[in-house]
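Read through the structure below, which is laid out as structure tokens, and then see the notes.
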Amino acid sequence: MDHSSDEEIDASGSDSEMDEYENEAYEELKDGKLRVKIYDETFACPFCPQKKRYLYKDLLQHASGVGKSRSEKRSTKEKANHLALVKYLEKDLTAAGRTSKPVGETDPHSDCSHVEKMDISQSEMDNCEDKSYEELKNGNHQVKISDETFTCPYCPTKKRKRDYAYQDLLQHATGVGKSLSEKRTAKEKADHLALVKYLEKDLAAAGSSSKPAGKTENLSSCSQNDKFVWPWTGIAVNLPTRRAEDGRFVGESGSKFRDELKSRGFNPTRVHPLWNFRGHSGTAVVEFKKDWPGLHNAISFEKAYEADQQGKKEWFANSGEKSGIYCWVARADDYNSNNIIGEHLRKIGDVRTISDLIEEEARKQDKLVFNLTTVIETKNRYLKEMELRCSETSASLNKLVQEKEKLLHAYNEEIRKIQTGARDHFQKILNDHEKIKLQLESHKKELEMRGSELEKREAKNESDRRILSEEIEKNAVRNSSLELASLEQQKADEDVLKLAEDQKRQKEELHNRIIRLEKQLDAKQALELEIERLRGALNVMKHMEDDGDVEVLRKMDAIIKNLREKEGELNDLEALNQTLIVRERKSNDELQDARKELINGLKEISNRAHIGVKRMGELDSKPFLEAMKRKYNNEEAEDRASEICSLWEEYLKDPDWHPFKVVMVDGKHQEIIDEEDEKLSRLRDEMGDEACMSVTTSLIQVNEYNPSGRYIISELWNYKEGKKATLGEGVSFLLSRWKALKRKREG
């Protein structure tokens, strides 16, 4: 059914046609041929060409306004379609509209007729009020129809609808009970005041459980095209005035009338009496708030006076002299009137329709949404720029790490080559030493053979014996020199061995601190051994100098020259060694700084990763909690476990408590936990082995990683292998995390 091409029906169509169109449209809505609900809280009118979005209560108000419109511009079919939409919303979409507080169609102001007309005094009025209240309490009159529907038992049903919401009935009863109109009898006012008392005291729970009437419920009787003066303004006429001594008219202040209206629940912001050259004109404008609750109060204000037969229609009716105050809401005809009211209305406001205000609010909302969208887009662009900068910084950091690894690799290669060269040189010196030692032994044997030959020649003759004796003396002197040389050589060997042992002991003590310099130190020691050997050989040559052997002198010169070369090499090696020490120290400082930064960066990463930061020396509280749970309930166990953990943490920090003993393991002294320590034994007996194991584990970690400070420190840890992680492992883990995050963002 194409409603955009429907022929308009004449507004004078019969009621049967109206019902037929309404039923037909309602069946199409129920069958889903026309779409009403767009989203959970967004709806649309299928009978209007403008595809405007509504909330539930706004669509209900729109459909009700069009369906009940008296404008001749609305066709009978259009009104019937919108009445069908109202029926569909209230019956089939009530669940969707509960959060939107659908607008009711109740008229909060019924025109009550008099039950009986009688003039009674104030005391009789109070008695009548008490009597009516007792009748209401005893259930003689029905007030509550359902959980959210009420009725007025003192108003006839033939003029007004009987169904009220709680707040509407309370406002109706208050308005009639406090009415100043003479058309209301004292009996009627007393009955309605009793109804107010009954609603507030006996039906307050029902009123609080039922949702109060929405701010636009009273607007259902107003068309969205009706023109009102905005800001919402009411008109009060026939205010009591009196002539003053100077001939001008005066009246009561507007604040008194404003307070009276506030007590009746209309909540005006101001009542402004109008004055002219004669004084008080007997008229005033009542100003309400500019929002929708202000319009609701203004309409309630108008209907209350209409219910008392003191509205605009009664004021302009030619029924003789008027008494009492007449009030209504200012509309376009009042705005355009040529009197003091019209002049004042044109000064303070203008004429607006409800649809104009709704559209203006929609425009403001759209503008706000557009501005917020622009801000979000700007923030998103800034976020993308920051992500780009972050990726560039990460790439730069990765490049720096790779360059650092290359430099470290080149440095290690250079150290390895130097160590290999020094080891080869030391081996060469040892080989030369063994060779010279063999040569000295051969010389000694040769001299001994010569001595034996001289002894044989001694038997030949005396001269030969004398000569032999002289040769023996020479040989004896030579043997003595050889023995001295041998002693010097032996002493030099002992010094060399002692020096080697000292160097070996020093290497063992400094093995963990300067591992990369060990072989350079060995080369230096070997060179010193060579120098000592050469010096010993030089001493030997000096003792043999008296023999005048040219070959010995030549060898001594060669040894001296070689000694000077070795000393020069030693100086060069010491300079190179010092340079390498400085470079290694600088590299170690850089590596330690990088390790600290890596530890600080990994502190926030979960321990579920295989590389992370472990707090060395931290006490595990789980064994203490389990031990306390065996003795106390859960809440008390947690408190006691916390207290005991705090006590043992203080014990761990105490430098005077050192429960370790030194034992010999594989020929080396080693510190182990003293199981017989008094505190540990008492802890094992009271808390069990698991708690004692937790304390001993923390003690071992503190003693290993921070024995001087005895406080918890953070260490880079390989949880997979259960050991201290290297810097390379930490960097590799960080790079893998970064690459995974990068792939996740790109994906």
Side-chain angles (χ1 to χ4, degrees), residues 512-513 591-593 595-666 668-727 729-730 733:
N512 293 327
R513 296 176 57 189
L591 291 175
Q592 289 301 323
D593 292 340
R595 188 179 185 89
K596 289 179 181 178
E597 291 297 328
L598 184 60
I599 289 174
N600 293 332
L602 291 177
K603 279 184 179 179
E604 301 300 327
I605 296 179
S606 173
N607 287 338
R608 289 180 290 180
H610 72 282
I611 299 295
V613 177
K614 183 176 181 181
R615 290 169 58 84
M616 309 306 295
E618 186 174 26
L619 188 61
D620 186 8
S621 61
K622 290 183 180 178
F624 294 91
L625 181 59
E626 294 298 329
M628 289 296 101
K629 284 184 178 179
R630 293 193 290 267
K631 299 180 180 180
Y632 307 99
N633 56 36
N634 290 338
E635 183 176 355
E636 188 175 359
E638 291 180 358
D639 295 337
R640 290 185 174 271
S642 177
E643 293 176 359
I644 295 176
C645 285
S646 300
L647 177 63
W648 278 99
E649 286 175 354
E650 293 300 323
Y651 286 160
L652 291 174
K653 295 177 182 178
D654 186 5
D656 296 330
W657 184 52
H658 193 74
F660 291 92
K661 61 182 179 179
V662 180
V663 297
M664 186 70 71
V665 179
D666 297 333
K668 296 182 180 180
H669 293 286
Q670 185 175 350
E671 278 190 337
I672 63 173
I673 294 293
D674 186 4
E675 300 293 341
E676 297 178 357
D677 182 76
E678 181 181 355
K679 291 184 179 179
L680 292 178
S681 299
R682 188 167 62 252
L683 176 64
R684 187 182 297 105
D685 295 338
E686 294 178 356
M687 307 295 293
D689 293 336
E690 293 182 356
C692 185
M693 181 63 69
S694 175
V695 173
T696 55
T697 302
S698 299
L699 275 171
I700 293 172
Q701 292 177 356
V702 168
N703 194 51
E704 180 180 355
Y705 290 94
N706 190 15
S708 60
R710 297 293 292 269
Y711 55 84
I712 298 172
I713 63 172
S714 298
E715 185 57 71
L716 192 63
W717 196 259
N718 189 331
Y719 288 97
K720 185 176 181 181
E721 299 181 4
K723 66 177 184 177
K724 181 179 178 181
T726 63
L727 182 61
E729 291 174 343
F733 170 73

Using the test salt bridge (Lys or Arg N to Asp or Glu O under 4.0 Å), find all partners of [X] that sit at least two apart in sequence or belong to another chain.
X	result
Glu626	none
Glu678	Arg682
Glu690	none

Interatomic distance, OG@Ser621 vs CE@Met628, rounded to 0.5 Å, equals 12.5 Å
Can you name the closest pair of heavy atoms from Leu680 and Cys692 and give their distance?
O-SG, 4.0 Å
Identify the two heavy atoms, one from Phe660 and one from Leu699, that lie closest to each other, and give their separation to 0.1 Å.
CZ-O, 3.8 Å
Take a 6.0 Å sphere around NZ of Lys679 and say whether it holds more than 12 heavy atoms from other residues, nucleotides or ligands.
yes
Tell me, please, which residues at least two apart from Ser698 pass side chain to side chain contact (heavy atoms under 4.5 Å, CB included).
Leu619, Leu652
side-chain hydrogen bond (donor to acceptor under 3.5 Å, both in side chains) contacts in which one or both residues fall within residues 630-640, not counting sequence neighbours
Glu636-Arg640
Evaluate side chain to side chain contact (heavy atoms under 4.5 Å, CB included) for Phe624 paired with Leu683, printing each intermediate quantity in order.
CA-CA 10 Å; Phe624 294 91; Leu683 176 64; 4.0 Å; yes
Considering residues at least two apart in sequence or located in another chain, which fulfil the side-chain hydrogen bond (donor to acceptor under 3.5 Å, both in side chains) criterion with Glu675?
Arg684
